[in-house]
Structures are given as structure tokens and as C-alpha cells.
Number of protein chains: 2
Amino acid sequence: MAETGKLVQDETEAAGISLGALTSTAGLMLRIAQLTSFDNFFALYPDGAIRISEFTVLMAVSENPGIRQGVLADILKVKWSNMTMLVRTLEDQGLIARHVPRSDRRAVVLTVTEEGKRQIAASRDMIDRLDREALSMLTDDEHAQLIALTRKIAGWPEKGGL
Amino acid sequence: MAETGKLVQDETEAAGISLGALTSTAGLMLRIAQLTSFDNFFALYPDGAIRISEFTVLMAVSENPGIRQGVLADILKVKWSNMTMLVRTLEDQGLIARHVPRSDRRAVVLTVTEEGKRQIAASRDMIDRLDREALSMLTDDEHAQLIALTRKIAGWPEKGGL
DNA sequence: TGGAAATAGTTTATTTTTAAACAGTTCAGT
DNA sequence: ACTGAACTGTTTAAAAATAAACTATTTCCA
């Protein structure tokens, strides 16, 4: 066997280890926090449910009907080539529709189908719950702080469009 | 051409876009913040300098001489197979030494060489500076908050070993 | 108007990452 | 002591992400 496993909050067996100054390196800490969050999340995530990347795109399109897929890719920080594949999968599943506008025939704009709306309604609460659960080591205040900070890093204002 | 580019704080051209409830999804926000931080960091990072993953391992070993590489991998959240490669590269560069202890001949314990110490001394300040610069949209208070939160997520106590 | 340059998205090739199989060592129970 | 299970690390094969080349439009401006 390889890789020990131990999901959700490992006590890292070997006590007495200190990362020293590294724990003040925000980039590293952000990375480790993100990986921890994802590990915890996926340990809870039910098999067969919609992929979280697909759900995210679905939600984003639902909030911004007619958005171009390149713009969406930039916002979500995914590469255009990955967005092409992601969006095609969602189209194959009948969850979103792609439309080439007459005004610019290079572009592809997206909308959520009725089926897509049903999918959102069906999975939204569960995903929110697991997302919070994955960071259950934080108090509600801390959780709110984290969201405020990460929004600021992403360059998104508190309220309204970006 | 593909990929627009625009490093450091993009205003995302298309105004009026809102991610709605997604901005309260901590997992997603953590991911986007981390990618933003890294993009900014690498935009500043000088070519030819030690790779940041290697520097991190070097620092961690320096703080914990004789640490087993598997333990280190778990703490830094890198896969064992990647740690094998990372550590070999560092050894090839003469920055760390690998040693198999008599007490457990399966294990490999690590120490930093003199050359490794010089490398740390040479790059440490620059890396700290760029790391802070990559998150220059945060005030010092916010930056400190972020580190406290991410440490808590990682499961590391404020002070001392983990 | 008539290209050259820029934009939007896709496809392909390359690199990187992850997972799985593997080999050697130690441990636990008999 | 012996055997099966667990541990530590490495190698390999598979999957995923990234970068680069490409097609089709649109824009700019001489």
C-alpha cells in the first residue's frame, strides 16, 4: 500500500515537528489550507453526485445567463482549454446550452437548461453543507472572516458585480 | 493566441458579473485565492532561482533535522511519490543529505548540507518579500488574520510543534 | 477595401500530478 | 522462530492540467 490516508484532521503522528517561519508564508499556508479543505470535502462527498467543478460552472452560469465561456474561465481561474471540456460535458448532460451570438460568431454564450436548474436545486443545499463541514474547525466568525479575506484576494468587492 | 494573461489583480474586463452564493463557498474561494496568490507570486519570481517547492522542503528540513521524508510529505500535503522526486533533486544539487537509520532501514531521514544552509540564507528574505507582495491587497492585519486562519485549518497550534 | 493584428474558442502535444503496483523491512501474534 | 499484516519508500502506469499550435472570426487603420 502507498499513502496512509487518514482523512479529516490528521494529528500527524510525529509530534514535536515545527514548521517555524514557514507558517508565516501565506502562499504555502493558503495552499495547505486549500488542500486540507478539499480533502475533507471529498471525504464527505457522495459518489455519483455531480462533479464540484461542474456544479460551480452551473451555478455561475445560472447567476449570469448569457456569459461567454472565456470570461467565466478567467473568473473561476480555469484554463480556457479546460473550460471547453467542462462545458461540453455539461452540454452532453443537458444541463447547459451553448449559443453562438449573431453579433460575434467567435463567441459562445451559456445558459442553464431546465434540467440544469433542477440539478442545482437538487444538490445546492448538500454542497453548501459539506463545504461548511469541511471547515468545521473554524467558528462561524472565523469562517466569515475567511470568506471576506479570500474575496478581497480574488479582487471581488463585498457586494454587487465584479 | 490563447489565454489573455494579465497578471496581478485583473479587473476582469466584463463588469456586472456576480458569482452570487458561490462567493460564500469557502472551498471555491480558498482555491481562487490560492491561485491568485501563486499567479502574483510567480509573476514576481526571478528566473533561475531555487524552485519554491524545493525551498519549502529545504526550510522544513532545516527546522526539523532528521525528519523522515514521508512525515514531511504528509505535513506539506505532497504525495510520497512527488516527495521522492523532490528530495532526489535536492540531493543531486547537494542541498540536502539522505540517510537510512540503523534503527529502521525502511526509513530515509533528511538533513540540510552546508551548501543547503547557504542557499536558504541567500534566498530566504527575497522569498518572504515576494510572498507578502503577492498579497499586497491585504493590510498587515488582514495578512496576519489569514495566517492565523490557515494555520487553524491546517490543524497547527499557534506555537510549538504540531 | 484589404490585410495585419487581435480575439474567442478548440485541438493537439507536453508536462505534471495522481494513483497503483512493487520491493524491502518491521511488527504482531502465535 | 514463522507467517501474515502493516509500514516506508520507490517505480510504473494512468489521468489530469498546462502550454502551444491552430481555425475562425472580428477589429483596426492605412
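Proteins come first, then strands; the chains are lettered A, B, ... in the order of their sequence lines, and each starts at number 1.
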### Query
Toward the 5' end of DNA chain C, which comes first, A:Arg88 or A:Leu35, by nearest nucleotide?
A:Arg88
### Query
Between C:dT17 atom P and A:Phe38 atom CZ, what is the distance in whole Å?
16 Å
### Query
Which pairs count as salt bridge (Lys or Arg N to Asp or Glu O under 4.0 Å) when at least one residue sits in residues 118-127 of chain B, sequence neighbours excluded?
B:Glu115-B:Arg118
### Summary
Residues pairing under salt bridge (Lys or Arg N to Asp or Glu O under 4.0 Å) where one sits in residues 82-96 of chain B, two or more places apart or in two chains, turn out to be B:Glu91-B:Arg98
## Note on the structure
Testing D:dT8, D:dT18, D:dG9 for proximity to the side chain of B:Asp104, the answer is D:dT8
### Query
Roughly, in whole Å, what's the span from CG in A:Asp39 to P in C:dT17?
16 Å
### Query
B:Thr36 side chain to B:Ile32 main-chain N or O, any donor-acceptor pair under 3.5 Å?
yes
### Message
What is the distance, to the nearest angstrom, from the CD atom on A:Glu91 to the P atom on C:dG9?
### Response
14 Å
#### Entry: Short side-chain N/O contact from A:Arg98 to OP1 or OP2 of C:dT10, under 4.0 Å
yes
### Message
Can you measure B:Ile52 atom CD1 to C:dT16 atom C1' for me and round it to whole angstrom units?
### Response
18 Å
### Message
Taking 4.0 Å as the cut-off, does a side-chain nitrogen or oxygen of A:Arg105 come that near to OP1 or OP2 on D:dA24?
### Response
no
### Message
Mind checking if B:Asn82 touches a base, just sugar-phosphate, or nothing, with heavy atoms under 4.0 Å?
### Response
base
#### Entry: CE on B:Met59 to CG on A:Leu28, rounded to 0.5 Å
10.0 Å
### Message
If I take atom NZ in residue A:Lys79 and atom C1' in nucleotide C:dT10, what distance separates them, rounded to the nearest angstrom?
### Response
16 Å
### Query
Within this structure, what is the CH2-to-P distance between B:Trp80 and D:dT11, rounded to whole angstrom?
15 Å
### Query
Hey, does the side chain of A:Arg102 come within less than 4.0 Å of D:dT26's phosphate (OP1/OP2), counting only N and O?
no
### Query
With no hydrogens and no angle check, is any side-chain donor or acceptor of A:Asp131 less than 3.5 Å from a backbone partner on A:Phe41?
no
### Message
From the set D:dT11, D:dG9, C:dA8, return the single nucleotide nearest to any side-chain atom of B:Ser81.
### Response
D:dT11
### Query
According to a strict under-4.0 Å criterion, is A:Arg106 in side-chain N/O contact with OP1 or OP2 of D:dA24?
no
### Query
OP1 or OP2 of C:dA8 sitting under 4.0 Å from any side-chain N/O of A:Arg68?
yes
### Summary
Heavy-atom nearest nucleotide on DNA chain D taken for A:Arg51 and for A:Ser103; more 5' hit belongs to A:Arg51
### Distance, rounded to the nearest Å, where B:Lys77 contributes NZ and C:dT17 contributes P
17 Å
